[in-house]
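A quick write-up on the structure given underneath.
Convention: sequence-line order gives letters A, B, ...; per-chain numbering from 1.
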Amino acid sequence: MPVNTDKSTISKLKKELSIAHRDLKKASTLFSSIGEAVIVTDEYGRIERVNSLTEKILGYSSNEMIGQRFFNIVKAVNEDGTLIPEIDRPITKAFLKGSAVFERLYYLTKYNSMVPVDTNVSPIIFNNKPSGAIEVFRDLTDEYIKEKIQSEFISLASHQLRTPLSSINTYSQMLSQGYAGKLTSKQLSFVSVIEKATSRMNDLIHTLLNVTRIEAGNITVNVKSIDIDNLCDEIVGSLEYLALERGISIKYTNDSITSVESDPVLLREVLSNFLTNAIKYTPRGGRVTLRVEANDRVVFSVKDNGYGIPEQSKNYVFSKFYRANNAVKNDVTGTGIGLYLAKEIAERLEGDIWFKSEINKGSTFYFSLPLIGSAEKQGKFTLEIPN
Amino acid sequence: MDSLYKEVVDATADYLGPSADRFVSRQIVGHLGKSPEKLKNRDLNILIKWIKPAIALLTDDTEAVDNYISSLKSLSKKKRK
């Protein structure tokens, strides 16, 4: 075929070549600027391209990687160091699925150290055909260290704070039961103060540790079929002493739904929190109602005719350590963590949490779950229930 | 009667050995959304499209990959009852 060599054609071709070079350079710069490690493979599973972050994480230079079989360079292992078979690797699964696969695993560097990574890999489709894969991954070492520190703190705090409290509790009970001799009524009242303070301290440690676990973002959700009446009766029963002490009546109603799939420990924590607040912030003679309804969602609500929440405090009700002025006035013992914890749990259970309130008329706190319930989630921690 | 699926597995076994059955059935279920025994000639082009990069990942030998794909393509041309 004759080639057209007139000046205008050559000029046009030169211009197009210049644009193509510029676009290629720009694409190359964009690739190098990506803030995560990137590996591109061709249709034969060979490494075609890597960026500098990949070199940094894996320890190989780009020259050592390019042209090599992906699995010969990027070796993946489980937490115990055992090699993950190639057929179970995310990139193999991506070709099986035909779309992106996201996984956390460990990569072995050139020097055989293990690096925890968060990886996502997708097939590259060109002309309607898979022509390779692109993997983007991130070094999670810093996050793993942070999680390890949090986990160690939780274990340490749990043990170191609770052990002395346990001693105080045990010996104060022994004192009040007369193991060291009969106490006078004044001495007994002093011991009673110690016991109540110890119990409050225990609840506070329990709540703080649960907040730390929740904030570590790794709470297990153990889904079970929950008998709603049994759970709610149990919670109401456990708070009857508090209600009686304060002259509050508690009522439970449910004429809609018998069971829901969710985590009973987490659900109990939310409802206990709502009920405890309702009792504490309602004056003597007041009423608290726990109601369960179901239409397109399962809705738990706790209504009181108490002090209500001031308008200026409403935006902060679910914030950590926040307590409205009238709450502080009416209950000096509150921590401002309960509703924050309830909100975090609600998110973990894929539920919603909200409230309505009017000053001096009362509040209603709501927690709803989807009718199909919560999804099971594996985490590093489970929430504790207090003794 | 020899099914097309069995023929594809036999062709794959030369490269993946005992893993061939699991590999091929996963590809068929994943990309064609049907049970492996229901594989037809007309499905092979789509299957080959996805099998090629998947098997290429698992072997070091690009010539072997090309030979394997050719053998699958020849199966698609075979007349069946």
Open item on the list: Looking at A/Arg69 and B/Leu58, would you say the former's side chain and the latter's main chain have a donor-acceptor pair under 3.5 Å?
Closed with: yes
Open item on the list: Given heavy-atom pairs under 4.5 angstrom as the criterion, report whether the side chain, backbone, both or neither of A/Lys129 touches chain B.
Closed with: both
Open item on the list: Is it the case that over 12 heavy atoms from other parts of the model lie below 6.0 angstrom from the CD1 atom of A/Ile125?
Closed with: yes
Open item on the list: Checking the side chain of B/His31 only, and the main-chain atoms of A/Leu96 only, is there a donor and an acceptor separated by less than 3.5 Å?
Closed with: yes
Open item on the list: Please classify the contact between A/Ile124 and chain B as side chain, backbone, both or neither, with a heavy-atom cut-off of under 4.5 Å.
Closed with: neither
Open item on the list: Take a 6.0 Å sphere around NZ of B/Lys38 and say whether it holds more than 12 heavy atoms from other residues, nucleotides or ligands.
Closed with: no
- [ ] Counting only heavy atoms closer than 4.5 Å, note whether A/Asp42 contacts chain B via side chain, backbone, both or neither.
- [x] neither
TODO: Heavy atoms only, distances under 4.5 angstrom: which of B/Pro53, B/Gly30, B/Ser19 has the most pairs with chain A? Name it, please.
DONE: B/Pro53
TODO: Please say which of B/Thr62, B/Asp66, B/Thr59 ends up in a side-chain hydrogen bond (donor to acceptor under 3.5 Å, both in side chains) with A/Tyr44.
DONE: B/Asp66
TODO: Determine whether B/Arg22 and A/Ile87 make a side-chain contact, defined as any pair of heavy atoms from C-beta on separated by less than 4.5 Å.
DONE: yes
Open item on the list: Other residues, nucleotides and ligands only: do more than 12 of their heavy atoms fall within 6.0 Å of CD1 on A/Ile372?
Closed with: no
Open item on the list: Using heavy-atom distances under 4.5 Å, tell me whether A/Phe71 contacts chain B through its side chain, its backbone, both, or neither.
Closed with: side chain
- [ ] Take atom CD of A/Glu16 as the centre, draw a 6.0 Å sphere, and report whether it contains more than 12 heavy atoms from other residues, nucleotides or ligands.
- [x] yes
Task: For chain B, the option from A/Gly45, A/Pro123, A/Pro130 that forms the most heavy-atom pairs under 4.5 Å - done: A/Pro130
TODO: Give a yes or no on whether the backbone of A/Asn128 and the side-chain of B/Lys49 come within a donor-acceptor separation of less than 3.5 Å.
DONE: yes
Open item on the list: So which residue, A/Ser131, A/Ala133, A/Gly98, ends up with the most heavy-atom pairs under 4.5 Å with chain B?
Closed with: A/Gly98
Open item on the list: So which atom in A/Phe95 and which in B/Trp50 form the shortest heavy-atom distance, rounded to 0.1 Å?
Closed with: O-CE3, 3.3 Å
Task: Proximity breakdown for A/Arg89 and chain B, heavy-atom pairs closer than 4.5 Å - done: neither
Open item on the list: If you count every heavy atom of other residues, nucleotides or ligands that lies below 6.0 Å from B/Lys73 atom NZ, does the total exceed 12?
Closed with: no
